[in-house]
Amino acid sequence: MAIVEFAPIRIPFYRRLETLAVAIYYYSFYFGSFIGAVAILLILFSSYYPLALLYLGWAYLYDTKTPSHGGRRSKFMRSLRIWKYFRDYFPIKMIKTVDLDPQKNYIFGYHPHGILCAGAFCCFATEATDFSQVFPGITPHLLPLLALFKPPLFRDYIMSSGMCDVTRESCEYILTKKGKGNSICIVVGGAVEALDAHPSKDYVLIVRKRKGFIRLALKTGSNLVPVFAFGENNLFNQLSNPEGSRLRDIQTKIQSWIAFAPVLFYGRGIFQYTFGFIPHRRPVNVVIGKPIEVEKTENPTDTDIRHLQERYVDALKQLFEENKEKYEANQSVNLVIH
């Protein structure tokens with residue numbers, strides 16, 4: 001029995017393009033910050049150094065507020081053909097359950113985090129699943145960590161897809177300053193939820209500890225939309241790290257220091273299926289639920305927040321149960337909400 005399972009030599013060209021698209025996405029997030037910094041340093045120590053100085057001055061003096069003030073989306077970048085190949089690799093499908101009113105603003109709560117939020121990126125940061133046609137008049141903004149907008153060049157790359165940072169200032173700007181029909185997508189569980197992203201295991205979500213997005217919905221009067229991505233946790237394998245294990249304790253401690261979850265994961269390689277850092281070809285079905293109507297409350301009380309959070313949790317559970325049979329490969333998995 002072969003230790004390494006290599007990909008066949010004769011594979012349809014479109015499948016090679018799909019693998020290339022996925023590799024570009026994942027490796028850009030693994031190494032994009034480093035590559036951007038190295039590129040600027042190389043230019044600084046060349047005869048073209050004025051260009052690097054101009055860019056750095058513009059990015060970190062003049063343009064510093066852009067990631068929290070609506071970003072700088074590019075329709076061209078969002079519509080690149082490469083994202084269609086990215087979608088088809090898994091494949092990723094976006095399932096609409098109801099229409100959304102373009103005269104209202106929305107907060108999409110994405111679950112689960114998985115390893116690198118493939119479904120969230122595909123559906124909310126590209127037009128691969130035709131978001132603008134499926135939800136006409138709604139402009140989505142995927143909100144990752146603020147730290148991703150610090151490295152040179154990489155910040156501009158991710159902003160071109162419509163991403164903005166997930167600070168309170170950024171959320172409030174999009175939902176109150178950009179007019180009706182604007183929305184944000186927040187991966188509610190955050191990076192720590194990735195530690196529970198094991199294939200074919202129960203979906204363990206962190207929701208009850210997250211009250212910020214509930215308070216934001218009340219203060220801005222934005223409707224809450226639960227989103228569940230069936231299959232997001234199946235894309236990578238992860239070393240066993242159950243609660244209480246030594247590995248999990250170490251990971252949790254490191255995560256509290258650096259904000260990123262030190263997940264020990266692996267998938268497949270570009271030319272072999274045994275080990276690597278791109279995901280397996282496994283389907284992801286992103287189901288967008290019915291919006292929860294939210295009445296604007298300038299100064300929400302703890303009771304207001306608790307009541308709305310319970311409504312959200314109930315809606316999320318209902319969304320999972322109503323769609324589990326259709327979109328979950330392993331019918332024995334359950335939803336666990338902390």
Side-chain angles (χ1 to χ4, degrees), residues 1-35 80-94 110-123 125-126 128-129 144 148 154 157-158 161 187 189 191 193-204 228-242 247-248 251 260-286 327-330 332-333:
M1 183 176 180
I3 298 176
V4 178
E5 182 185 359
F6 288 97
I9 295 177
R10 294 186 177 182
I11 290 180
F13 185 60
Y14 72 88
R15 285 177 65 88
R16 296 190 183 278
L17 291 175
E18 291 168 2
T19 303
L20 175 63
V22 168
I24 288 173
Y25 168 73
Y26 280 90
Y27 283 106
S28 70
F29 273 85
Y30 297 151
F31 306 113
S33 299
F34 174 75
I35 292 171
L80 287 175
R81 177 65 186 173
I82 190 174
W83 306 133
K84 298 283 188 181
Y85 288 118
F86 178 89
R87 174 201 66 193
D88 294 341
Y89 172 90
F90 299 92
I92 294 173
K93 295 180 181 179
M94 184 176 70
Y110 186 90
H111 312 270
H113 182 284
I115 299 299
L116 263 181
C117 309
F121 172 78
C122 187
C123 295
T126 79
T129 54
L148 293 178
F154 184 70
Y157 165 67
I158 61 176
S161 67
V187 184
E193 198 175 82
L195 296 174
D196 287 307
H198 292 272
S200 301
K201 297 289 183 68
D202 289 347
Y203 289 99
V204 180
F228 199 90
F230 292 91
E232 182 74 62
N233 284 355
N234 295 337
L235 303 183
F236 291 93
N237 302 103
Q238 183 176 171
L239 294 187
S240 179
N241 61 340
L247 174 58
R248 184 59 166 264
Q251 289 175 314
F260 291 98
V263 184
L264 300 178
F265 69 92
Y266 63 95
R268 52 158 289 191
I270 296 176
F271 302 109
Q272 46 79 25
Y273 301 138
T274 306
F275 183 87
F277 294 102
I278 63 174
H280 298 291
R281 283 183 181 265
R282 295 169 182 167
V284 179
N285 292 288
V286 181
Y327 303 116
E328 177 53 50
N330 183 1
S332 67
V333 302

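In this chain, residues are counted from 1 in sequence order.
In this structure a side-chain-to-backbone donor-acceptor pair under 3.5 Å is missing from Q238 to I115. Counting only distance, with no hydrogens or angles, the side chain of T274 and the backbone of E5 share a donor-acceptor pair below 3.5 Å. A donor-acceptor pair under 3.5 Å is absent between the side-chain atoms of N233 and the main chain of K201, judged by distance alone.
The aromatic rings of Y157 and F154 lie tilted to each other, with the angle between the two planes from 30° to 60°. Using cut-offs of 30° and 60° on the angle between ring planes, the pair Y30 and Y27 is perpendicular.
Evaluation of the side-chain contact (heavy atoms from CB on, under 4.5 Å) rule for Y266 yields N237, F275 as partners, not counting sequence neighbours. For H111, the side-chain hydrogen bond (donor to acceptor under 3.5 Å, both in side chains) partners are Y312, not counting sequence neighbours. The side-chain hydrogen bond (donor to acceptor under 3.5 Å, both in side chains) test applied to E193 returns no partner, not counting sequence neighbours. For K84, the salt bridge (charged side-chain N to carboxylate O under 4.0 Å, His left out) partners at least two apart in sequence or on another chain are D130. Partners of L20 by side-chain contact (heavy atoms from CB on, under 4.5 Å), not counting sequence neighbours, listed by chain and number: I24. Listed by chain and residue number, D196, E243 satisfy the side-chain hydrogen bond (donor to acceptor under 3.5 Å, both in side chains) test with R248 (two or more places apart in sequence, or in another chain). Residues passing the ring pair (Phe, Tyr, Trp, His ring centres under 6.0 Å) test with F236, sequence neighbours excluded: Y26, F265. For R268, there are no salt bridge (charged side-chain N to carboxylate O under 4.0 Å, His left out) partners two or more places apart in sequence or in a different chain. Residues passing the ring pair (Phe, Tyr, Trp, His ring centres under 6.0 Å) test with Y273: none are found, sequence neighbours excluded. Residues that satisfy the side-chain contact (heavy atoms from CB on, under 4.5 Å) test with N330, not counting sequence neighbours, are S200, E328, S332, V333. Scanning for side-chain contact (heavy atoms from CB on, under 4.5 Å) contacts around A329 gives an empty result, with sequence neighbours left out.
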| query | F228 and Y327: ring-ring contact (aromatic ring centres under 6.0 Å, His included), yes or no, with the steps? | reply | CA-CA 10 Å; F228 199 90; Y327 303 116; over 10 Å; no
| query | Run the ring-ring contact (aromatic ring centres under 6.0 Å, His included) check on Y89 and Y85 step by step: do they pass? | reply | CA-CA 6 Å; Y89 172 90; Y85 288 118; over 10 Å; no
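One distance of note links CG of L116 with CD of E232; it measures 9.0 Å at 0.5 Å rounding. Here the CG atom belonging to N234 is positioned 12.0 Å from the CZ atom belonging to F90, to the nearest 0.5 angstrom.
Note on residues 272-281: pairs passing salt bridge (Lys or Arg N to Asp or Glu O under 4.0 Å), not counting sequence neighbours, are E18-R281.
Taking every heavy atom of both residues into account, G269 and I278 meet most closely at O-CD1, 3.6 Å. Between L239 and H198 the shortest heavy-atom distance is O-CE1, 3.4 Å.
At most 12 heavy atoms of other shown residues, nucleotides or ligands fall within 6.0 angstrom of atom CZ in F271.
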